[in-house]
Protein chains: 2
Amino acid sequence: MHSDDALSLAAVFLAAGRGLVDAIHADVTAHGYRDLRPVHGFAFSRLAPDGATVSELAAHLDVTKQAASQMVDELVRKGYVQRRAHPADARARLVVLTERGRACTRAAERAAQAALRPWAAELGERRLRELAADLARVAPGGPLRPIW
Amino acid sequence: MHSDDALSLAAVFLAAGRGLVDAIHADVTAHGYRDLRPVHGFAFSRLAPDGATVSELAAHLDVTKQAASQMVDELVRKGYVQRRAHPADARARLVVLTERGRACTRAAERAAQAALRPWAAELGERRLRELAADLARVAPGGPLRPIW
DNA sequence: TGGATATGGTCAAGTAGCTTGACTATATCG
DNA sequence: CGATATAGTCAAGCTACTTGACCATATCCA
């Protein structure tokens, strides 16, 4: 990078990500899911395909197993997930979404599409797609973590 | 947005922002500032130009005045900021960076430049600049907040 | 095969960073 | 001037996390 303020570019990335998360969360909340925080969405994204163990969830969210287990307790209590026996490991338990959990995930996907609509309007579909492609090249993989 | 997974695009934004913040924080830590968290950098960015009051800092970080005051206590204790009398308001106190705070801010700017170097290598200077310009158009302003 | 070690999960206790509530001092408005 | 708003602090409480200890099961290897 050149002599511009590289820090402000980093800040713009954070602001963009925050704006998306805020918009999605607000939309999901407005559709009746009032007992969730944004982090739960990241948990759902790990659980949605085939479920996951507490340890896998912990790794995905970059927290301890204990913290992940507490979150699962909360989501069970609120009706979004269930603990099942693990088919291949008697130590483990498989955490899977309930129908309510899946419905919430669908609502989040609709919310994400709605949140991106003004972006497409501002930049154009084509440029937005290029933006996404560029970001995918530089964004690190790995666990999802809170920013600070 | 179309039928693609809009949520994963949002996740890419978060991952990109997190990657930058992580890299900057790790670099700053490696240069001897081991008692800071990323959020302190956002505080510094508000304090750097001319200082700020606790209330202004609280608004910038979207926390209560009490939380901002506690953070200032901590930063005073660690030698990064000072409380001064406010020149125009006897109720208020102006929080300003110490020389150590300014040195840390410079280290963060260098770290941000270093963190963006691989991005420029991957995408090219021109495309990175376009990316930044696009983001600036869609990123919301307002206070900086943790993601969850 | 069986004993050592690693892994999945939970229980319990402690902690850091935030919150709400109450209060004082100073500023501003009418 | 008096009423109200704002800057800041003190105190207490909450919550999402942590560390540490522990048990059950799986895996590795002599």
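To find a chain, count down the sequence lines: A is the first, B the second, and so on, and within it residues start at 1. Just so you know, these numbers use all the heavy atoms, side chains as well, and skip hydrogens, waters and symmetry mates.
The separation between A/Asp89 atom CG and D/dT27 atom C1' is 10 Å, rounded to whole Å. Atom-to-atom, CZ of A/Arg84 to C1' of C/dG9 comes out at 19 Å; the value is rounded to the nearest Å. For the pair A/Met71 CE and C/dT10 P, the interatomic distance rounds to 14 Å; values are reported in whole Å. Atom P of nucleotide C/dT26 and atom CZ of B/Arg93 are separated by 12 Å, given to the nearest angstrom. Taking atom CZ on B/Arg37 and atom P on D/dT18, their separation rounds to 14 Å, with Å as the unit. Counting to the nearest Å, the P atom of C/dT19 and the NZ atom of B/Lys65 are 13 Å from each other. Rounding to whole angstrom units, CZ of residue A/Arg91 and P of D/dC23 are separated by 17 Å. We find that CG of A/Leu36 is positioned 16 Å from C1' of D/dT15, with the value rounded to whole Å.
B/Glu130 is linked by a side chain to side chain contact (heavy atoms under 4.5 Å, CB included) to A/Arg127, B/Arg126, B/Arg127, counting only residues two or more places apart in sequence or in another chain.
Separation of atoms NE2 (A/His40) and CD (A/Glu74) is listed at 4.0 Å; rounding is to 0.5 Å. Taking CG of A/Leu47 as the reference point, atom OG1 of A/Thr53 lies at 9.5 Å (rounded to 0.5 Å). Annotation: the span from A/Phe44 atom CZ to A/Leu36 atom CG amounts to 5.0 Å, rounded to 0.5 Å.
Between the side chain of A/Gln70 and the base of D/dT15 there is no donor-acceptor pair of N/O atoms closer than 3.5 Å. Side-chain atoms of A/Gln66 and base atoms of D/dG20 include a donor and an acceptor less than 3.5 Å apart.
You'll find that the side chain of A/Thr53 is closest to C/dG9, out of C/dG9, C/dT19, D/dG8. Of the listed nucleotides (C/dT20, C/dC18, C/dG9), C/dT20 has the atom at the smallest distance from the side chain of B/Thr64.
Each of B/Asp73 and A/Ala67 lies near DNA chain D, and the nucleotide nearest B/Asp73 is the one positioned closer to the 5' end.
Dashed line: the shortest gap from a side-chain N or O of B/Arg83 to OP1 or OP2 of D/dT9 is under 4.0 Å. Look at A/Ser69 and you'll find a side-chain N or O under 4.0 angstrom from OP1 or OP2 of C/dT10.
By the neighbour-count criterion of 12 heavy atoms within 6.0 Å, atom CZ of A/Arg137 is densely surrounded, having more than that number from other residues, nucleotides or ligands.
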